[in-house]
Amino acid sequence: MAELPFAFQQELSALGLGEEAEASVASFASRHLSRMADLAGKAYEGEGHDFPICRLHLLGRLAVIVWKLPEIRRKYEALGISAEIIRDTFSDISLRQRLFYQKTGKVGLSRADGIWLRHIASAQIFKLGVLQYQPIKMFYLENYENGSPFFVISDDQKAKLPVGTPVVNVHIQAGADLAVERVADSLLMAKDFFPRVFPETRFQALVCYSWLLHSGLQDLLPPNSRILHFAENFEVVSETGDNRQAVERIFGRRYRRRANYPQQTSLQRNALRDPAKLGYALGIIYLD
């Protein structure tokens, strides 16, 4: 096996991918050593989401993003981000590889993972405690790509938080610990973090687009549910019955036959019994 750069080996080891995945990534990088710098350099070139990294084999996607980590780390360090937050942020790669392996039995990343990880590649996402945060300009999902209505957003809401306003997008990773105290700690960290790291930007709100905020879950979950307590942090300004994200997160994917859906948890059983209660919502926490 060709000698791999020390910085790459360090980042690969720190991810904690597991013995099999780590060996597979190292083997890919060794076999393609002469091309790795070029693949990594061009990984996120171009417009839209048809990035060169997405055209690679699933193992290649993982190897290339790991190869880029020393460069990405320098971007985070230039912002003054602590080693702990960088480690926690990079752990999203490990999580996505683990979930991909559970679904396919293969080491690598999906095309969707490759697209998502552009946020880490550009140092534009941060894991603070149990939640991820991304500085963005406010947008409202009012229509599907075909132009049909999605969310209904009132004029008052648009005036209160106009499109283009600096906000922070809140993301919830699969399996995130939504214990009330942990969520509260994370939100407090975010409220301190962004004014400090980006002092030139006045963020107006934390915003969250998620199936976890849809009101129908109140009929599917017990009152002490961590999901319901999480949703209470946000003012829900609009919701839709589009349940694609909910089905993906609750069942792993959509099945052709009702009998094939897993029913291992009470949420799965309740959601399957009354899928009309599933949906998607936009919630906001306004900042002072």
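One-based numbering along the sequence shown. Quick note: numbers below take in every heavy atom, side chains included, and nothing from hydrogens, waters or symmetry partners.
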Pairs involving residues 105-117, ordered by first then second residue, that meet salt bridge (charged side-chain N to carboxylate O under 4.0 Å, His left out) (sequence neighbours left out): D50-R111, R96-D113
Taking a hydrophobic cluster as the set of Ile, Leu, Val, Met, Phe, Trp and Tyr residues connected by side-chain heavy atoms closer than 4.5 Å, whether directly or through intermediates, do [X] and [Y] fall within one such cluster?
| X | Y | result |
| --- | --- | --- |
| V25 | L99 | no |
| V236 | V183 | yes |
| F6 | I86 | no |

Between [X] and [Y] (side chain of the first, backbone of the second, donor and acceptor by atom type, cut-off under 3.5 Å), is there such a pair?
| X | Y | result |
| --- | --- | --- |
| R61 | C54 | yes |
| Q132 | F126 | no |
| S94 | L15 | yes |
| Y261 | Y255 | yes |
| E22 | E19 | no |
| T165 | P162 | yes |
| E142 | P149 | no |
| S24 | E20 | yes |

Close side-chain approach of [X] to [Y], heavy-atom, < 4.5 Å:
| X | Y | answer |
| --- | --- | --- |
| L272 | Q263 | yes |
| Y286 | K160 | yes |
| I285 | E235 | no |

Residue list, salt bridge (Lys or Arg N to Asp or Glu O under 4.0 Å) with [X], at least two apart or on another chain:
| X | value |
| --- | --- |
| R182 | D177 |
| D185 | none |
| R118 | none |
| K75 | E71 |

Minimum-distance pair of heavy atoms, taken over all atoms of L58 and V107: CD1-O, 2.9 Å
Shortest non-hydrogen contact between K127 and G129, atoms and distance: CE-O, 3.2 Å
Side chains of [X] and [Y]: is there a donor and an acceptor less than 3.5 Å apart?
| X | Y | value |
| --- | --- | --- |
| N260 | R254 | no |
| T240 | D242 | no |
| E239 | S215 | yes |

Can you tell me if [X] has over 12 outside heavy atoms packed within less than 6.0 Å of its [atom1]?
| X | atom1 | result |
| --- | --- | --- |
| D155 | CG | no |
| R202 | CZ | no |
| E145 | CD | no |
| Q102 | CD | yes |
| R35 | CZ | no |
| K42 | NZ | no |

Cut-off 3.5 Å, no hydrogens considered: what does the side-chain donor-acceptor table look like for residues 274-284, sequence neighbours left out?
{"unit_1": "K277", "atom_1": "NZ", "unit_2": "D219", "atom_2": "OD2", "d": "2.9"}

Residue list, side-chain hydrogen bond (donor to acceptor under 3.5 Å, both in side chains) with Q9, at least two apart or on another chain: none
Once rounded to the nearest 0.5 Å, what's the spacing between atom [atom1] of [X] and atom [atom2] of [Y]?
| X | Y | atom1 | atom2 | answer |
| --- | --- | --- | --- | --- |
| I93 | W116 | CD1 | CH2 | 12.5 Å |
| N233 | L206 | CG | CG | 9.5 Å |
| Q173 | L178 | CD | CG | 10.5 Å |
| Q97 | L95 | CD | CG | 10.0 Å |
| I120 | I72 | CD1 | CD1 | 7.5 Å |
| H119 | Q124 | NE2 | CD | 9.5 Å |

Parallel, tilted or perpendicular, as decided by the 30° and 60° cut-offs, for the rings of F139 and Y209: parallel
Aromatic plane relationship, F230 with F234 - under 30° parallel, 30 to 60° tilted, over 60° perpendicular: tilted
Contacts of [X] that satisfy side-chain contact (heavy atoms from CB on, under 4.5 Å) - sequence neighbours left out:
| X | value |
| --- | --- |
| V197 | L79, I81, F193 |
| M189 | L128 |
| A7 | P70 |
| H57 | L59 |

side-chain hydrogen bond (donor to acceptor under 3.5 Å, both in side chains): pairs with one or both residues in residues 76-89, sequence neighbours excluded: none
Verdict with reasoning, L141 to F151, per side chain to side chain contact (heavy atoms under 4.5 Å, CB included): CA-CA 6 Å; L141 296 173; F151 279 130; 3.9 Å; yes
K68 NZ/CZ over Y44 ring centroid, <6.0 Å and within 45° of normal: no
Worked verdict on T265 versus R269 for side-chain hydrogen bond (donor to acceptor under 3.5 Å, both in side chains): CA-CA 6 Å; T265 69; R269 292 188 293 272; over 6 Å; no
Aromatic contact, Y140 with F150 (centres under 6.0 Å): no
Basic-acidic side-chain contact under 4.0 Å: E248, K103: yes
